[in-house]
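A short worksheet on the structure shown next.
Sequence positions, counted from 1, serve as the residue numbers for this chain.
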Amino acid sequence: MTRQHFAELVVELAPRWEASRESDRAERRGGLRKRLAGAGRKVKLVFTDRLLVTLICLRHQLPHAALAGLYGVDRSTVSAAVREIRPLLAARGFAVPDRPGIRIHTLEDLFAYAAAENIELRIDGTETQVRRPQAHRPGRKAFVSGKKKQNTIKTTSFSDGQGRILFSGVVRPGRMHDQTAVRTEGIAEQFRFRPQVKAKVDEGYRGLAGEFPDQISAPPKKPGKDACDGEHRAWREAKRRQSSARICIEHTNAELKKWRPLQRYTGRRESYGETHAAIASLVSDRSARRPTRRRTSTALVPVRTTTC
């Protein structure tokens, strides 16, 4: 993160932090402030330090006790700072490329933006290992991933054709299938409501591609064993082209995985969704600043024309 990005976060979040603190105080008091602003116990960490502590926890997942020792405060002070700043980062939404000041907050916003800008989406799911739920608790098996054989939480990311993240969320237990996760979020209704939006997906969303064949592109089905060599070569070439156009979403998920909590989350599972949204919001700020570039076609074209 650059100094300019950090300064922008301070200017953006400081008023919201003050407003949230004042609303919390009013809720505890049961009414409006009766003393002038500034009275009462002083905070041990100013807003800039609170934001910096939260960013360090999100980037490197350092223990709160270690950060408390660096700042000379109690561990509970650092934990309280993270609990205050992390929701503000998660509520920021996702930056839109070439549209400063506009942010995407919901799946409806994403499809409206894709329809208006004629953007072909890339969709893919990813999993993060989490703590195993306590024994003899209901729903314990819901987090066991059949793919990774671990306790995971699944999220779904959406990007454009250049790998710039546009939305990431749809937090579900790891046992749930990728396609089921986005269906429960209402993605089928979004495709019906906006038939001009198109997307590229992998094998996990083949059922969704079958329901919307004109909008969603999935890898072609493998021909049978009795098919000729020409069909197998055509299938491999079609699969290569589709994978080449979809690989950018894999790079988007890899960019999120650079942040330590999304590699293996050691906190409470209840706070994972908020942590993921905060990290994805920060990653979108960086990816939105990338200049738009022209993507070359992956289709095979003849170098020169020949006559028979």
Completion exercise
For residues 261-285, the ring-ring contact (aromatic ring centres under 6.0 Å, His included) pairs (sequence neighbours left out) are Tyr265-Tyr272, Tyr272-His276
Practice task
Could I get the full list of side-chain hydrogen bond (donor to acceptor under 3.5 Å, both in side chains) partners for Arg289, not counting sequence neighbours?
Solution key: Glu8
Practice task
Apply side-chain contact (heavy atoms from CB on, under 4.5 Å) to Glu12 and list each qualifying residue two or more places apart in sequence or on a separate chain.
Solution key: Leu9, Arg16, Arg92
Fill in the blank from the handout: Hits for side-chain contact (heavy atoms from CB on, under 4.5 Å) against Arg131, two or more places apart or cross-chain, chain-then-number order -> none
Handout entry: For Ser145, side-chain contact (heavy atoms from CB on, under 4.5 Å) partners two or more places apart
Key = Glu127, Lys147, Lys148, Thr152
Handout entry: Residue pairs, two or more places apart or on separate chains, that pass salt bridge (Lys or Arg N to Asp or Glu O under 4.0 Å) and touch residues 106-122
Key = Arg99-Glu117, Glu120-Arg122, Glu120-Lys200
Exercise for the section: Under the side-chain hydrogen bond (donor to acceptor under 3.5 Å, both in side chains) rule, collect the residues that match up with Trp235, sequence neighbours excluded. Expected result: none
Practice task
Would you please name every residue forming a side-chain hydrogen bond (donor to acceptor under 3.5 Å, both in side chains) with Thr2, sequence neighbours left out?
Solution key: none
Problem - Any residue meeting ring pair (Phe, Tyr, Trp, His ring centres under 6.0 Å) with Tyr205, in chain and number order, not counting sequence neighbours - result: none
Problem - By side-chain contact (heavy atoms from CB on, under 4.5 Å) - contacts of Ala115 (at least two apart) - result: Arg194, Gln196, Val197
Practice task
May I ask you to decide if the ring planes of Phe111 and Phe158 are parallel, tilted or perpendicular, using 30° and 60° as cut-offs?
Solution key: perpendicular
Practice task
Name all residues meeting the side-chain hydrogen bond (donor to acceptor under 3.5 Å, both in side chains) criterion together with Arg137; count only those two or more places apart in sequence or in a different chain, and write none if there are none.
Solution key: Gln134
Practice task
Mind jotting down which residue pairs meet the salt bridge (Lys or Arg N to Asp or Glu O under 4.0 Å) criterion with at least one end in residues 46-71? Sequence neighbours excluded, please.
Solution key: Arg50-Glu84
